[in-house]
S.K.: 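A single structure is presented below for examination.
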Amino acid sequence: MACPSNLFATFFIVFVISIASSTAQLSTDYYDSCCPGLLDAVRAQVKLAVDKEPRMGASLLRLFFHDCFVNGCDGSIMLDDTATFTGEKNAAPNRNSTRGFEVIDAIKAAVEQICPGDVSCADILAISARDSVVALGGPSWDVKVGRRDAWTASQAAANTSIPAPTFDLNRLVSSFQAQGLSVKDLVALSGAHTIGQARCTNFRARIYNETNIDGFFARTRQAGCPRTSGAGDNNLAPLDIQTPTSFDNSYFQDLISMRGLLHSDQQLFNGGSTDSLVTSYSQSSSTFNADFVAAMIRMGDIKPLTGSNGEIRKNCRRIN
Ligand code: HEM
Ligand SMILES: *[C@@H]1O[C@H](CO)[C@@H](O)[C@H](O)[C@H]1NC(C)=O
Ligand SMILES: *[C@@H]1O[C@H](CO)[C@@H](O)[C@H](O)[C@H]1NC(C)=O
Ligand SMILES: *[C@@H]1O[C@H](CO)[C@@H](O)[C@H](O)[C@H]1NC(C)=O
């Protein structure tokens with residue numbers, strides 16, 4: 001059976017009303033009849049990639065975030081630059097930083113084998129993010145799908161819509177509110193920093209110049225990140241000093257110990273309005289997991305393309 005959005009293209013005059021209403025929003029069963037092998041195929045590819053390199057789970061989770069915050073979860077982050085097209089991959093928050101594009105290519109290729117032309121890159125990013133969290137020991141949830149892929153991307157929007165690690169709490173809150181996400185979503189989603197790595201250039205000012213930081217932690221990180229910018233800029237350190245390849249609540253314990261790696265991380269526990277949420281998540285992984293899952297679903301709802309908008313890309317790196 002054809003997937004609903006292809007049905008739309010084929011029979012849109014006859015079914016315009018019924019199909020338009022059934023594709024107007026995302027659902028968890030969108031591909032159940034038309035591509036029953038989808039979830040197994042994505043999970044197998046994510047598992048391969050994360051078994052090979054645990055950090056890849058973090059990188060795939062972040063790709064979904066950076067897709068959704070730039071004009072919605074529409075696969076725009078996957079488009080390559082060309083001579084005549086500027087995409088998002090070289091925007092300030094992504095350049096020399098986002099990774100995992102080859103893994104998404106491999107997942108897309110596996111999915112094209114079983115359901116050619118049916119599944120969007122935007123949905124593959126969403127499912128891969130969930131499978132990455134699960135592969136690293138975090139909670140699972142039913143992913144809403146039915147997104148289509150954008151024909152465009154915006155480097156300017158990527159520069160301005162993705163929050164920077166230099167932001168204070170009020171700017172972090174505004175950045176999430178601009179996407180329709182709450183303060184609770186901000187704190188819960190920041191728990192994604194329980195996995196993955198950051199580059200020295202993004203935490204240098206914090207470990208050398210800030211006072212709301214544990215002294216031993218600062219010295220430990222200084223050993224791998226020279227004070228002066230240059231050769232060491234891309235040196236990596238784990239965002240969660242305790243268990244960087246386990247999706248757990250130790251990130252919030254780090255914040256309470258003043259061992260947040262990024263300025264933006266420690267802003268969530270710095271004597272302000274979000275301290276109580278951080279404390280609560282640090283004490284209860286089940287509370288954190290529940291709020292994280294709810295927030296991931298809300299983030300995945302940001303401005304999806306549905307119905308006859310956008311397309312199902314054949315290759316995630318270019319429009320058809
Ligand atoms: C709250 C605002 C946020 C800021 C300011 C922020 C900033 C950053 C920065 C600067 C890095 C390191 C990049 C580098 O040095 O190359 C990073 C890594 C990461 N971020 Fe965030 N982030 C935020 C929210 C999120 C959210 C909402 C998610 C996902 C739900 C997320 C997932 C990740 C992951 C998993 C990594 C590690 C990626 C890897 O190891 O490849 N972040 N983030
Ligand atoms: C950043 O990436 C570009 C290519 O995308 C590369 O030419 C450049 O050397 C990288 N810069 C650093 C500082 O790693
Ligand atoms: C985005 O930021 C990068 C790096 O700061 C800059 O080179 C580029 O011109 C910016 N692009 C737009 C469209 O503002
Ligand atoms: C620390 O702050 C001083 C004074 O603002 C500044 O000159 C210096 O560049 C900062 N150092 C780092 C590593 O950010």
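Both ligands and their constituent atoms are indexed starting at 1 by order of listing.
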S.K.: Show your reasoning for whether side-chain hydrogen bond (donor to acceptor under 3.5 Å, both in side chains) applies to Asp248 and Ser246.
M.R.: CA-CA 6 Å; Asp248 55 23; Ser246 294; 4.6 Å; no
S.K.: Around atom CG of Asn212, are there more than 12 heavy atoms of other residues, nucleotides or ligands at under 6.0 Å?
M.R.: yes
S.K.: Is there a polar contact between ligand 4 and Asn209, counting only N or O atoms under 3.5 Å apart?
M.R.: yes
S.K.: Which word best sums up how the rings of Phe292 and Phe247 line up, parallel for under 30°, tilted for 30 to 60°, or perpendicular for over 60°?
M.R.: tilted
S.K.: For the backbone of Val145 and the side chain of Tyr30, can you confirm whether one donor and one acceptor N or O come within less than 3.5 Å of each other?
M.R.: no
S.K.: List the steps and the verdict of side-chain hydrogen bond (donor to acceptor under 3.5 Å, both in side chains) for Gln242 and Gln253.
M.R.: CA-CA 9 Å; Gln242 299 187 67; Gln253 299 161 3; 3.3 Å; yes
S.K.: Which atom pairs, nitrogen or oxygen on both sides, join ligand 1 and the protein at under 3.5 angstrom?
M.R.:
| from | atom 1 | to | atom 2 | distance (Å) |
| --- | --- | --- | --- | --- |
| ligand 1 | 15 (O) | Arg199 | N | 2.7 |
| ligand 1 | 15 (O) | Arg199 | NE | 3.4 |
| ligand 1 | 15 (O) | Asn202 | ND2 | 2.7 |
| ligand 1 | 16 (O) | Ser97 | OG | 2.5 |
| ligand 1 | 16 (O) | Arg199 | NE | 2.7 |
| ligand 1 | 20 (N) | His193 | NE2 | 2.9 |
| ligand 1 | 22 (N) | His193 | NE2 | 3.0 |
| ligand 1 | 40 (O) | Arg55 | NE | 2.7 |
| ligand 1 | 40 (O) | Arg55 | NH2 | 3.4 |
| ligand 1 | 40 (O) | Gln197 | N | 2.9 |
| ligand 1 | 41 (O) | Arg55 | NE | 3.3 |
| ligand 1 | 41 (O) | Arg55 | NH2 | 3.3 |
| ligand 1 | 41 (O) | Ser59 | OG | 2.6 |
| ligand 1 | 42 (N) | His193 | NE2 | 2.9 |
| ligand 1 | 43 (N) | His193 | NE2 | 3.0 |

S.K.: Name the residues in contact with ligand 3, where contact means a heavy atom under 4.0 Å away: which are they?
M.R.: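 Residues within 4.0 Å of ligand 3: Ala92, Gln155, Ala156, Asn159.
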S.K.: Let me see the working for Ser97 and Arg62 under side-chain hydrogen bond (donor to acceptor under 3.5 Å, both in side chains), right down to the final yes or no.
M.R.: CA-CA 10 Å; Ser97 183; Arg62 186 170 184 235; 2.8 Å; yes
S.K.: Any side-chain heavy-atom pair from Leu189 and Phe65 closer than 4.5 angstrom?
M.R.: no
S.K.: Here's a test for you: under salt bridge (charged side-chain N to carboxylate O under 4.0 Å, His left out), which of Arg318, Arg313, Lys89 qualifies with Asp80?
M.R.: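 Only one of Arg318, Arg313, Lys89 forms a salt bridge (charged side-chain N to carboxylate O under 4.0 Å, His left out) with Asp80, namely Lys89.
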S.K.: I'd like to check which ligand 4 atoms, numbered from 1 as shown, lie under 4.0 Å from a non-hydrogen atom of Ala205.
M.R.: 14 (O)
S.K.: Using a 4.5 Å cut-off on heavy atoms from C-beta on, say whether the side chain of Ser264 contacts that of Thr166.
M.R.: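 Counting from C-beta outward, Thr166 and Ser264 never come under 4.5 Å.
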S.K.: Tell me if the aromatic rings of Phe69 and Phe176 count as close, with their centers under 6.0 Å from one another.
M.R.: yes
